[in-house]
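Report on the structure given below.
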Amino acid sequence: MRALTSRRENSIAPITPPVEAGWEVKYNLIPMKEIVRSRIEQALGELYKIDPPEFKVEKPKDEELGDLATNVAFLLSKALRKNPNEIAKELSEKLSQEDMFEAVEAVRGFINLRLSRNFILSEFRRLLSEGEDYFKEDIGRGLKVQLEFVSANPTGPLHLGHGRGAVVGDALARLFEFYGFNITREYYINDAGRQVYILGVSVFYRYLELFGKEGERPGIKKLFEEEGYKGEYVIEIAKALKGAVGDLLLSRDGVPEAKERILSYGFDFPLSYTSAFKPVREPEVELCSAFGLDMMMEEIREDLGSMCVDFDVWFSERSLYERGLVDKLIEELRERGYVYEAEGALWLKTSQFGDDKDRVLRKSDGTYTYFASDIAYHWDKFKRGFDKVIDLWGADHHGYIPRVKASLKMLRIPEDWLEVYLIQMVKFFREGKEVKMSKRAGTFVPLREALNEVGPDAVRFLFLTKRSDTPLDFDVDKAKEKSSDNPVFYVQYAHARISGVFREVKERFNLDPEKEDLSPFLESLEEDIELKLMKKTLMIKDELIDITLRRDPHLITYFLIDLAGLFHHYYNHHRIIGSEKRIMKGRLALLKGIRTALRLSLKLIGVSAPERM
RNA sequence: GGGCCCGUAGCUCAGCUGGACAGAGCAGGGGAUUUCUAAUCCCCAGGUCGGAGGUUCGAGUCCUCCCGGGCCCGCCA
């Protein structure tokens with residue numbers, strides 16, 4: 001996911017180790033890279049008596065070089081008027097006295113650090129005793145963050161692109177929650193405006209069709225043919241409607257009775273729009289709208305639910321109008337001098353704040369634009385006291401960002417309060433051919449179809465195998481394959497294998513690795529790969545924090561595949577059961593730590609961690 | 001015409017806010033299993049990072065231009 005503003009602007013809570021805290025305290029409070037950073041900073045202070053620059057601590061490209069490396073010598077070379085390599089050498093010497101490092105080496109200006117066995121073992125023991133809390137940090141400190149995502153129009157079923165937004169948004173929400181943010185997941189329902197009327201027309205037309213009477217309402221027929229929703233689902237709604245009300249809606253007089261019938265019919269989903277229904281101009285069409293909205297929202301909720309995505313708030317656009325918030329907003333903007341009238345419409349001077357041109361708030365026919373209610377919506381979010389709002393929009397809305405940002409500036413809302421990320425389209429492939437999606441023609445591939453065929457775990461995982469602002473190809477046939485082409489199974493299998501070993505051990509040795517404290521036996525592990533596995537597992541802490549601050553949840557799938565791969569390799573080359581007792585126990589401890597990391601990471605992307613497969 | 005995004009191995013994509021010889025999976029070829037699940041593992045191959053300049057000690061990464069692909073540019077939602 002790429003930020004629209006710079007990463008620095010976007011960062012919520014940079015991890016700044018408390019200056020006054022001693023090393024022992026930090027040792028227990030911050031991720032690996034930060035622990036190392038603080039050691040380097042201290043060494044710099046002692047050596048050169050200077051304020052350390054903004055340097056990097058990162059994994060070297062080649063693992064052979066070390067566990068971590070820093071570029072600090074390059075950055076200091078100007079200030080100290082010294083050759084980077086010379087600085088690196090001096091610093092290496094200093095750092096090698098630390099017992100957390102096994103080796104510190106200066107190579108062409110880089111400083112490569114290898115963590116000591118003792119340090120890794122002590123960290124891993126901590127992981128075993130703390131479980132997933134080991135990876136946790138209170139970065140958010142309760143900061144109120146709202147994540148608005150999906151927000152698909154309730155005029156049709158969710159398609160794959162919405163599913164992608166749901167998965168990315170939910171994963172972000174889970175990450176933020178894990179790191180101490182107070183998260184609200186919100187879905188904005190566009191239940192106002194013309195599209196809702198068109199939904200009603202479409203449902204009503206299909207309803208008439210069921211009685212063979214569509215020809216009797218030429219106005220409805222024409223509108224349906226020109227603008228109606230042609231998808232199969234509209235027919236389903238019409239059928240359900242007919243089931244509940246019979247032929248009552250064929251005459252306008254039947255509308256009040258029809259409403260009562262729907263409410264008492266025994267639908268097992270909430271009928272909030274139907275309950276609130278009040279006839280205005282075309283009661284039969286409007287009742288169809290209300291019932292259509294109820295049924296669509298139910299379907300949307302179900303689809304999201306089957307991917308384990310749920311929202312704290314389902315926010316109705318209509319409610320903004322009912323509360324008079326749109327009018328109030330326009331009044332507010334007018335007072336600030338940003339609103340003017342031209343050609344019978346009401347305009348907002350967004351061009352003053354970076355938009356290409358001014359935008360219409362109220363059309364000359366007196367109705368409001370979607371834009372108007374959307375600003376009102378964000379204004380309302382601000383007034384609800386969120387410290388930060390993150391929106392995930394479909395990529396086709398990208399041109400919309402400048403005008404929303406401009407209007408927020410007019411309302412004196414801080415620039416970095418709103419972050420917007422774009423979710424790119426998903427192309428659907430079946431048998432190697434693309435299945436085109438078009439809502440109007442009704443040929444789009446609903447999310448439900450993919451979920452039924454492929455299953456929620458694979459769908460979620462696959463949606464996170466690519467950065468979300470680039471288009472994604474979704475190949476159903478591949479997704480269904482239970483092969484290594486499908487990385488979700490590869491990762492889940494690693495988890496299932498560990499669980500399998502634990503079951504076996506319980507049975508054969510009456511030893512329960514879940515309950516028993518096996519951490520003292522880590523000492524008996526002497527293979528390089530075992531140390532490597534520990535390091536990789538521990539470094540997940542750094543990865544997860546990074547991913548959260550960068551809002552790049554797709555990277556989770558990459559380190560999962562990486563960790564699972566190393567584990568599978570290990571598993572194929574080393575016996576756990578059958579090795580010497582103390583080694584077996586050490587290996588069980590190792591597996592337990594790995595499993596904790598796998599479980600947590602899978603949980604954060606909402607994928608299940610099966611005990612067996 | 002303007003704006004946004006993308007262009008890395010035959011294919012699908014990573015590349016951690018400029019750093020050390022450019023990575024993974026798939027596809028292709030060859031091997032491993034009487035053992036804790038073979039949905040696994042091991043070995044082999046492949047790229048002038050779309051092109052050209054520039055900034056820098058250092059560029060796949062930043063800047064400019066060009067080429068190619070996608071999306072968006074409504075008093076639609």
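Numbered from 1 within each chain, the chains take letters A, B, ... in sequence-line order.
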- [ ] Can you figure out which of rU37(B), rC41(B), rG15(B) approaches the side chain of Leu555(A) most closely?
- [x] rG15(B)
Open item on the list: Let's see if you can work this out: which of rC6(B), rG19(B), rG15(B) has an atom nearest to the side-chain heavy atoms of Thr470(A)?
Closed with: rC6(B)
Open item on the list: Are Asp391(A) and His378(A) packed together at the side-chain level, in the sense that at least one heavy-atom pair is separated by less than 4.5 angstrom?
Closed with: yes
Open item on the list: Can you tell me which nucleotide in rC42(B), rA14(B), rG19(B) comes closest to the side chain of Leu75(A)?
Closed with: rG19(B)
TODO: Using a 4.0 Å heavy-atom cut-off across all strands, classify His495(A) as base, sugar-phosphate, or nothing.
DONE: nothing
TODO: Please confirm whether any donor atom in the side chain of Asn112(A) sits under 3.5 Å from an acceptor in the base of rA20(B), or the reverse.
DONE: yes
Task: Secondary-structure stems, RNA chain B, at least 3 Watson-Crick or G-U base pairs under 3.5 Å - done: B:1-7 with B:67-73, B:10-13 with B:23-26, B:28-32 with B:40-44, B:50-54 with B:62-66
Open item on the list: Applying salt bridge (charged side-chain N to carboxylate O under 4.0 Å, His left out), can you list everything that pairs with Glu514(A), at least two apart in sequence or on another chain?
Closed with: Arg595(A)
Task: Residue among Asn190(A), Val196(A), Ile189(A) satisfying side-chain contact (heavy atoms from CB on, under 4.5 Å) with Arg318(A) - done: Val196(A)
TODO: Report yes if some heavy atom in the side chain of Leu348(A) is under 4.5 Å from a heavy atom in the side chain of Ser407(A); otherwise report no.
DONE: yes
- [ ] Give the B/S/- string for nucleotides 70-77 of chain B, one per nucleotide from 5' to 3', where a protein heavy atom under 4.0 Å of the base yields B, of only the sugar-phosphate yields S, and otherwise -.
- [x] -BS-SBSB
Open item on the list: Regarding Tyr229(A) and Gln195(A), do their side chains bring together a donor and an acceptor under 3.5 Å, going by distance alone?
Closed with: no
Open item on the list: Once you apply a heavy-atom cut-off of 4.0 Å, does Tyr558(A) come out as touching a base, just sugar-phosphate, or nothing?
Closed with: sugar-phosphate
